[in-house]
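Have a look at the structure below, then the notes.
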Amino acid sequence: MKSRAGKPIVIGALLVVMLAPSVLAQDEVSWIRVDIVQVIPQRLDDFIELQLDDIIPAYQRAGVPWRSAWRTAEFGNTYERWFATPVASLAEFDSGGPLARSLNPDRLEWITSEFRRNLVSRQSFAVRYRSDLSVESDDVSGLSLARITTLQIAPGRVAEWEAFLRENLEQFRGADVVFGVYQRMFGPGPTMWQIVQNHSSFAELSQPGIVALAFGEGAEDVLATIAGVVVSVERIVLRYDPALSFSAP
């Protein structure tokens, strides 16, 4: 997910997930892989050690330019972790992805087995960053929290949703409302959309949503134009994990 600056905050999500001091850097990257894992509480230390000693070095040897890691911030599944990595092309999964490129089969099998032993569950998504529907900023300092609003759009009304965002981009920019828009394309569950905003503190989370910030008293009238387009809304807050993230020099 993107940070205020349009830099990788990860993917998340994470994120797309997914989100923060470098979640989604590199504007030319439109595809992101977001892995959401539930770690067995008693094996959290083993999970972190495997990431630091084996998985991160393997990604770096494979030429992955960055990875953004996130963990639940106070509210949510305490042992949930989000990882976002850029995907140059979906075709790279035809050869097994970056770990298969950098590890011999025996080592890959061992790491996969150890990784599995540490987890309750894992969900993986292919996410598109929609720069055409996002509002970016160059100021990312101190924005270690990501508020992720996940939206399900009614079947057949995606064009209305995209038009709503596109037609109001200048209003958002004029009000200095910064957010990244991500579209889950492949993965479990229905196709979802995520709006990611980065913050420096929990106090900022009391701010209203992006439409209220941009339109003030006219927000209700604006939202009425997409009545029935949004089927469901979920909000979570993640904290950037610099220890399990990396970027190219």
Are [X] and [Y] joined in one hydrophobic group, where the rule is that I, L, V, M, F, W and Y side chains link up if heavy atoms are under 4.5 Å apart?
| X | Y | value |
| --- | --- | --- |
| Met192 | Val127 | no |
| Val120 | Leu244 | no |
| Ile32 | Ile236 | yes |

For [X], what residues pass the side chain to side chain contact (heavy atoms under 4.5 Å, CB included) criterion, not counting sequence neighbours?
| X | answer |
| --- | --- |
| Pro188 | Gln123, Phe125 |
| Glu162 | Arg130, Leu133, Val158, Arg166, Trp193 |
| Phe202 | Ala73, Glu74, Phe75, Leu145, Leu205, Val237, Arg239 |
| Leu169 | Val135, Arg173 |

Indicate the atoms forming the closest heavy-atom contact of Ser245 with Ala69, along with that distance. OG-N, 2.8 Å
Taking all non-hydrogen atoms of both residues, which atom of Ser102 and which atom of Ala58 are closest, and how far apart? OG-O, 2.9 Å
Thr72 versus Thr78: any side-chain heavy-atom pair under 4.5 Å? no
Compile the donor-acceptor pairs under 3.5 Å between side chains in residues 38-47 and protein atoms, sequence neighbours left out, one pair per line.
unit_1, atom_1, unit_2, atom_2, d
Gln38, NE2, Glu80, OE1, 2.5
Arg43, NE, Arg117, O, 3.3
Arg43, NE, Asn118, OD1, 2.7
Arg43, NH2, Asn118, OD1, 3.1

Passes side-chain contact (heavy atoms from CB on, under 4.5 Å), Arg147 versus Glu204? Steps please. CA-CA 10 Å; Arg147 173 164 60 181; Glu204 294 181 3; over 6 Å; no
Please report the C-alpha distance between Arg67 and Gln51 in whole Å, then the side-chain angles of each, then the deciding distance to 0.1 Å, and finally whether the side chain to side chain donor-acceptor pair (under 3.5 Å) criterion is met. CA-CA 12 Å; Arg67 182 179 80 165; Gln51 295 291 322; 2.9 Å; yes
Enumerate donor-acceptor pairs with a distance under 3.5 Å from any side-chain N or O in residues 210-235 to protein atoms, sequence neighbours excluded.
unit_1, atom_1, unit_2, atom_2, d
Thr225, OG1, Val222, O, 2.5

